[in-house]
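We name chains A, B, ... by the order of the sequence lines, and we start the count at 1 in each one. Note that these values count all heavy atoms, side chains included, but never hydrogens, waters or copies made by symmetry.
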Amino acid sequence: MVTATENAQLRVVVEFSGGLEMLFSDQKRHVISIPTTDENGKPVTVAYLIEYLCKNVMKDSRKELFVLDSQIRPGILVLINDADWELEGEEKYAIQNGDNILFVSTLHGG
Amino acid sequence: MVTATENAQLRVVVEFSGGLEMLFSDQKRHVISIPTTDENGKPVTVAYLIEYLCKNVMKDSRKELFVLDSQIRPGILVLINDADWELEGEEKYAIQNGDNILFVSTLHGG
Amino acid sequence: ETPWRWPLKAEEYDRYGRQIILPGFGTDGQLRLRASRVLLVGAGGLGCPAAAYLAGAGIGRIGIVDGDVVEASNLHRQIAHSTSRVGVFKAESLIAHLRDLNPLVQYTAYTTHLTPQNAEEIVSQYDLVLDCTDHPTSRYLISDTCVLLEKPLVSASALRTDGQLIVLNAPVGSQGSMKGGPCYRCVFPVPPPAESLTSCGEGGVLGPAVGTMGVLQAGEAIKVLLKGKGWLESEVEDVRPSLMLFSSPLLGGVSMRTVRMRGRRKDCFACGEGSKLSLASLKDGSTDYVAFCGGKGGATVNVL
Amino acid sequence: ETPWRWPLKAEEYDRYGRQIILPGFGTDGQLRLRASRVLLVGAGGLGCPAAAYLAGAGIGRIGIVDGDVVEASNLHRQIAHSTSRVGVFKAESLIAHLRDLNPLVQYTAYTTHLTPQNAEEIVSQYDLVLDCTDHPTSRYLISDTCVLLEKPLVSASALRTDGQLIVLNAPVGSQGSMKGGPCYRCVFPVPPPAESLTSCGEGGVLGPAVGTMGVLQAGEAIKVLLKGKGWLESEVEDVRPSLMLFSSPLLGGVSMRTVRMRGRRKDCFACGEGSKLSLASLKDGSTDYVAFCGGKGGATVNVL
Ligand SMILES: [Zn+2]
Ligand SMILES: [Zn+2]
């Protein structure tokens with residue numbers, strides 16, 4: 001029997017900017033629903049979300065422009081509710097319903 | 001006996017820009033609490049808020065730069081949750097808890 | 001010798017290549033800009049940077065209207081003028097800069113203020129107008145003319161450390177119809193009382209604040225021109241433009257906020273159903289802009 | 001004849017009056033700008049507008065570092081250069097424009113790229129630096145030099161229709177201390193892999209997008225200079241600067257978003273506790289910026 005908890009979903013707003021949106025169907029803003037817990041029953045984290053995005057949202061085959069060695073590639077900033085994820089626990093941050101997660105490619109042109 | 005309803009307060013974020021903040025102690029953002037209902041027991045409106053601001057928040061004596069003939073003076077835009085108040089019923093709009101009300105003086109310099 | 005088979009000249013590919021390769025721009029976009037004629041009213045703090053980026057982008061023809069001459073007090077923010085051109089008409093001084101930046105553009109200087117009498121003659125020769133002026137009187141006149149001649153209008157303003165920007169009449173709609181974007185009067189039906197107005201001279205202005213607004217104005221104008229007539233039917237109904245609010249306080253960072261404005265006003269004095277405004281009434285002076293704006297204006301208008 | 005009793009000369013009051021009257025600016029602010037020396041690294045799409053507004057505002061001394069020459073493909077966005085100066089060093093071309101805009105400023109052109117060898121010599125002569133370059137190699141070099149010489153750094157970048165801006169080392173703190181704002185490496189400790197980099201030539205850039213960033217950069221620089229050393233003790237601890245994200249998509253309006261970044265990194269390669277970075281190690285080449293950034297850079301760097 002499927003319990004209510006297993007069915008529960010988190011609504012997350014995922015945004016891409018600085019050119020990263022080109023890897024995600026040229027769409028800057030995605031509203032997605034993910035489970036509240038992972039396969040081990042633990043609350044889902046940003047690390048889970050990143051894997052989820054690679055598997056389910058990213059159509060572009062160049063995964064290495066987003067994830068390198070199962071980590072966000074250097075040159076991409078991750079902002080959790082408009083704050084650098086380093087202030088929030090990085091990939092271990094437990095996602096809350098309604099969170100806004102922004103991935104920004106740092107620009108170098110000038 | 002004072003009922004719970006009479007005690008209830010709405011939390012409203014009031015912002016001023018385009019120079020209007022100079023009439024309000026040079027402060028762009030004010031978080032204020034107002035009653036949920038007016039003296040007649042009706043839900044408070046933007047008209048109520050404007051009167052409240054004049055009486056309780058505005059220190060500057062030049063009320064006529066904000067209100068003329070008990071109306072917002074021409075040249076001031078009122079935005080309710082980032083939309084022109086004309087889209088929301090103007091001064092009759094019933095304020096909700098957590099609303100953001102922005103008063104902007106239109107600029108003409110260039 | 002092989003004939004040149006490309007839509008743009010070699011020197012155009014060279015000069016505009018870095019924008020042509022932008023996704024969504026392309027050779028078509030460049031051709032559209034080249035076929036466009038843009039009028040800037042005001043060659044001051046907004047007009048200088050706006051004109052520079054429009055000229056750089058390769059607009060086909062650029063007209064500049066300004067009856068003032070360059071003063072030293074302009075130069076902290078009017079960065080396309082120069083000390084050696086103090087005393088020269090701003091429209092001519094600005095074009096001197098633009099012509100050297102991009103000689104492929106055709107330029108016309110109007111060394112006069114825009115008036116109800118000359119507005120039709122001047123504005124009718126262009127496809128899009130930028131309001132870079134600094135007084136309500138000219139803002140209402142420009143908008144009314146754009147309504148009557150069906151021109152989109154990119155309007156910006158700045159004072160102290162703040163700025164505002166809105167794209168009006170985009171898409172254009174005919175007078176009396178509810179289709180198309182609102183005009184300046186739909187959004188601001190009543191001018192502020194004259195005594196509440198602060199001019200740049202009195203209130204001061206931060207160069208980079210007005211400069212940012214001018215550059216953004218050029219960007220929005222380019223987007224309207226790139227879009228051309230490519231509006232979907234659904235985009236023509238109930239158009240609610242964004243008003244962009246910019247702030248750069250001396251004691252803080254920059255901020256920008258976008259608010260949603262109303263669409264066309266059925267009873268708008270200029271674009272509404274029963275409007276009596278016409279090119280004839282404009283010219284014969286029956287719309288008195290100075291009186292409408294509280295009696296100030298005219299001679300005291302100084303473009304930032 | 002009565003001696004002149006005012007802190008500024010008459011022509012300075014005249015030229016800068018419109019910014020001096022801004023609340024919080026004043027004669028003191030103008031004196032502060034006049035006493036300041038600002039270095040711009042890069043005279044391209046960011047450097048052109050940034051330098052123009054800084055010169056207009058009356059900075060005392062402006063230095064421009066750029067080893068490139070003006071090309072026609074620059075002119076759609078590098079609006080202080082000109083067609084008649086194609087082939088001229090950008091640093092000199094830009095100063096030609098600035099000198100005519102405001103002859104009261106002292107200008108120095110460095111017609112070379114900034115290198116680990118010349119960085120100390122050049123940067124040490126200035127109070128504040130603007131990073132207007134277009135490659136990670138130069139961004140890390142500029143930041144490291146600013147850490148070692150304790151200079152605030154206003155860093156901006158742009159590509160396609162987007163831009164980013166952050167004020168670093170503000171307030172300045174000494175190497176190894178946790179006081180003061182973070183450096184570029186605190187915020188971006190690892191450069192992006194070379195293969196993920198898109199240059200302006202490849203990716204294209206919208207003139208008004210990079211232009212907006214340059215103008216904003218000048219505004220932030222002016223604010224840092226006005227503030228001077230007036231930081232409260234509480235503002236020096238755990239400084240978390242804002243990163244400003246700007247976007248001007250061709251098919252939409254403009255947007256700007258401010259996100260909160262981390263403060264100083266204890267283990268930062270440049271400003272952290274055990275940092276081995278020194279002016280000597282910079283000069284002797286033991287920090288290889290090109291290798292650090294994945295082997296690209298140097299000769300292929302083109303400033304937008
Ligand atoms: Zn209208
Ligand atoms: Zn650091």
Side-chain angles (χ1 to χ4, degrees), chain C residues 11 14-25 49 52-53 56-58 72-73 75-77 79-84 100-103 160-161 165 167 200-209 211-212 215-216 218-220 222-223 226-227 242 244 246 248 250-251 253-256 258, chain D residues 11 14-25 49 52-53 56-58 72-73 75-77 79-84 100-103 160-161 165 167 200-209 211-212 215-216 218-220 222-223 226-227 242 244 246 248 250-251 253-256 258:
Chain C
E11 62 173 334
D14 190 20
R15 181 178 281 266
Y16 307 123
R18 297 301 186 275
Q19 72 188 19
I20 289 175
I21 57 173
L22 280 174
F25 204 106
Y53 285 94
S73 66
L75 296 175
H76 84 96
R77 64 196 186 283
I79 49 99
H81 299 309
S82 72
T83 307
S84 62
D100 200 8
L101 179 65
N102 191 354
R160 286 183 284 260
T161 56
L165 172 73
V167 182
C200 326
E202 298 158 44
V205 62
L206 184 69
T212 299
V215 180
L216 292 175
E220 295 311 291
I222 289 171
K223 291 180 204 174
L226 287 180
K227 181 137 187 164
S242 293
M244 201 275 281
F246 173 78
S248 181
L250 293 184
L251 291 174
V254 290
S255 69
M256 196 184 276
T258 294
Chain D
E11 63 174 332
D14 190 20
R15 182 180 280 265
Y16 307 123
R18 298 299 187 276
Q19 71 189 20
I20 290 175
I21 57 173
L22 280 173
F25 203 106
Y53 285 94
S73 66
L75 296 175
H76 84 97
R77 65 197 186 281
I79 49 100
H81 300 309
S82 71
T83 307
S84 63
D100 200 10
L101 179 64
N102 190 354
R160 287 182 283 259
T161 56
L165 171 73
V167 181
C200 325
E202 298 158 43
V205 63
L206 183 69
T212 299
V215 180
L216 292 175
E220 295 310 291
I222 288 170
K223 291 181 203 175
L226 287 180
K227 180 136 185 164
S242 292
M244 200 277 280
F246 173 79
S248 181
L250 293 184
L251 291 176
V254 290
S255 70
M256 195 185 277
T258 294

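The candidate with the highest count of non-hydrogen atom pairs below 4.5 Å against chain D, out of C:G58, C:G253, C:A209, is C:G253. Chosen from D:P49, D:S84, D:A80, the residue pairing most often with chain C at heavy-atom distances under 4.5 Å is D:S84. Top candidate by heavy-atom pairs under 4.5 Å with chain C, chosen from D:L75, D:V215, D:I79, D:I20, is D:I79.
Between D:L250 and C:F25, the closest heavy-atom pair is CD1-N, 3.9 Å.
Note that OG1 of D:T212 and OH of C:Y53 are 7.5 Å apart. Values are rounded to the nearest 0.5 Å. Taking CD from C:E11 and OG1 from D:T83, the interatomic distance works out to 9.5 Å, rounded to the nearest 0.5 Å. The structure places CZ of D:R15 at 10.5 Å from NE2 of C:H76, a figure rounded to the nearest 0.5 Å.
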*List the steps and the verdict of side chain to side chain contact (heavy atoms under 4.5 Å, CB included) for C:M256 and D:F246.*
CA-CA 9 Å; C:M256 196 184 276; D:F246 173 79; 4.0 Å; yes
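With a 4.5 angstrom heavy-atom cutoff, D:E220 touches chain C only via side-chain atoms. Looking at D:S242, neither its backbone nor its side chain comes within 4.5 Å of chain C, counting heavy atoms on both sides. Both the backbone and the side chain of D:L101 come within less than 4.5 Å of a heavy atom in chain C. Using a 4.5 Å cut-off between heavy atoms, C:L226 contacts chain D through its side chain alone, with no backbone atom that close. Heavy atoms of D:I222 lying under 4.5 Å from chain C belong exclusively to its side chain. With a 4.5 Å cut-off on non-hydrogen atoms, D:A57 touches chain C through its backbone but not through its side chain. If you measure heavy-atom distances from D:N102 to chain C, the contacts under 4.5 Å come from the backbone alone.
Using a 4.5 Å heavy-atom threshold, the side chains of D:K223 and C:V254 count as touching. Put simply, the side chain of D:R160 reaches to within 4.5 Å of the side chain of C:P23, judged on heavy atoms.
A donor-acceptor contact shorter than 3.5 Å is absent between the side chain of D:S73 and the backbone of C:D14.
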